[in-house]
Amino acid sequence: MTQDADTSALIRRYQRWAFHPSTVLGCVLVGGFLGWAAPNVARPWDIIGVVYVDLLKMTVLPFMVSAVIFSLQNLYRDGGAARVFKRVVMIFAGFSLLTAILSTGASLLFRPGGNLAPETRAALGQIVSADGERSNTAMAMYTPDAPLHTSSLKDVIQSLIPQNIFASLANGETLKALVFAMLFGLAAGQVPSRISTGLQQALETIYHACQTLTRWVNLPVPLVLVCMTASQVAVTGLGPLRAMAGFVATFLIICLLLLALAVALISKRAGAPFPDVVAAMREPFALGIATNNSATCMPAMIESMVGPLQFARARVELLVPLSIALLRVGAIAYFVCGTLFIAALYGRALSAADLGVLALVAVLSGFASSGMAGIVTVSLIGTTCHYLALPFEAAFVLLAAVDPICAMGRTAVTVLGSCAAVAAICNPPVKL
């Protein structure tokens, strides 16, 4: 028994070190240096990141479905589902609009893409056209091999309803699986307890097994961070980062602002000091940076909100999957910043009405980005550009070149923003 306790304590100390922000930053810097110094050696290391993310994705859907159905059963029987969903709609809409407004203000303040030095514009032209003599950022510099997909209202509606839930689960369609889990959970809540007890026990078993599996998979996070960063730098080099430094810096500043606001709100709702909330959010924050996939952070988010911060488990287990699927504040901030970068790059002045349209379309595009990651998320900027008559195709390759860095901030904001929304919806924890 003593040996088991010592092993558990050792694992907890290791996890505190592995998910500490300084450890995460150090691993990213080490990986970047290795990718720059030995690109031929570091390039194949991306397989480690691919395997790691796939292992985490393996647990996401069963974890989400079991948590939502089980929690909705309990909420429905307690008579609290209707009241909670009203607060969900209000909080999610308010958070999304606030994110769009703050991102618009910060982007207009720093104006990434405007007043670029001639050498920076030349570097951007080389990235776009792969031709050193073409330094003019114009539409003709880049023509995509295939037209970029833009999401319509019809696409968004169709993405909500699964025709075949088993096909949706097999294809990893998170939003469709979430809709099914919500409807099934509400229906299961009406089944008498004497009949549904077996289902509840099975779902609880799946839920705890997925949590345990996630903890095992997360043990090599420092190594994964080094390998993923090294392979990315080995492929793209540091050139795109230097040329797009203004845009990347602006977006990361926006991310830091949103992260600080999220932690401050959690601190107020939990009645806990700011440093304690930072410590509690350490693991989901690190996972978001390491995986660039907010869905894989759900188990860590739930444990952080329930354990150190003492929010009610039943509410948290329902609201975390909902917020990850529907509240894409990181993507909204990115869409706003990216669109204003393109507008400044092409010298397009935007009116107050244009900015209002941008905020609204960015919120809708954020909702449509559920389950998307990487280049697919970048392509949704084409939706906001379309409404503002901005040329997106030429700038697409510029944004794609630095997206691995932006994706880290985007995911971290989505994860902590979701935790803040959960804290705002839940009742403050009772301190004993």
Side-chain angles (χ1 to χ4, degrees), residues 96-129 134-142 238-261 329-363 365-366 377-410 412-413:
S96 299
L97 288 174
L98 180 61
T99 298
I101 292 171
L102 291 177
S103 301
T104 300
S107 298
L108 292 175
L109 177 63
F110 293 103
R111 293 192 75 244
N115 301 321
L116 296 178
E119 57 273 16
T120 302
R121 188 170 291 273
L124 294 177
Q126 290 176 4
I127 296 172
V128 171
S129 62
R134 300 174 67 185
S135 59
N136 180 25
T137 50
M139 278 282 290
M141 294 194 316
Y142 174 72
L238 298 177
L241 179 59
R242 286 194 296 266
M244 294 284 289
F247 168 75
V248 173
T250 299
F251 180 66
L252 293 182
I253 289 173
I254 293 173
C255 289
L256 290 175
L257 171 63
L258 295 174
L259 289 172
L261 291 175
V329 288
I332 292 170
Y334 182 74
F335 295 152
V336 170
C337 187
T339 303
L340 292 178
F341 165 75
I342 295 173
L345 191 64
Y346 289 94
R348 164 76 185 278
L350 298 179
S351 65
D354 290 332
L355 296 177
V357 171
L358 170 60
L360 179 60
V361 175
V363 170
S365 299
T377 303
V378 177
S379 68
L380 280 178
I381 295 181
T383 304
T384 56
C385 288
H386 170 74
Y387 282 94
L388 299 177
L390 290 171
F392 168 67
E393 287 81 2
F396 172 75
V397 69
L398 301 176
L399 298 171
V402 296
D403 187 65
I405 296 176
C406 294
M408 294 182 182
R410 199 164 59 223
V413 169

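If you're wondering where the values come from, they're calculated on a predicted model, not measured in any experiment.
- Closest heavy-atom contact between R111 and A344: NH2-CB, 4.1 Å.
- In this structure, I342 CD1 and R348 CZ are separated by 12.0 Å, a value rounded to the nearest 0.5 Å.
- Put simply, CD1 on I253 and CG on L109 are 9.0 Å apart, with the number rounded to the nearest 0.5 Å.
- By the ring pair (Phe, Tyr, Trp, His ring centres under 6.0 Å) test, Y334 pairs with F251, sequence neighbours left out.
- Nearest heavy atom pair, residue A362 against residue I332, reads O-CG1, 3.6 Å.
- Here the closest heavy-atom approach between residue F110 and residue T250 is recorded as CB-OG1, 3.6 Å.
- Distance CD1/I381 to CG/L390: 11.0 Å, rounded to 0.5 Å.
- Here the side chains of F247 and C406 are in contact, with some heavy-atom distance below 4.5 Å.
- The shortest side-chain heavy-atom distance between C337 and S107 falls under the 4.5 Å cut-off.
- For L108, the side chain to side chain contact (heavy atoms under 4.5 Å, CB included) test picks out T104, L340, L355, with sequence neighbours left out.
- A 4.5 Å side-chain heavy-atom check between I254 and L102 finds every atom pair outside the cut-off.
- Side-chain contact between L258 and V329 is absent, with no heavy-atom pair separated by less than 4.5 Å.
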>> Assess the residue pair D354 and V357 against the criterion (side chain to side chain contact (heavy atoms under 4.5 Å, CB included)); give the C-alpha distance rounded to whole Å, side-chain angles, the decisive distance to 0.1 Å, and a yes or no.
In response: CA-CA 5 Å; D354 290 332; V357 171; 5.6 Å; no

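- By the side-chain hydrogen bond (donor to acceptor under 3.5 Å, both in side chains) test, S96 is found to be paired with no residue, residues two or more places apart in sequence or in another chain being considered.
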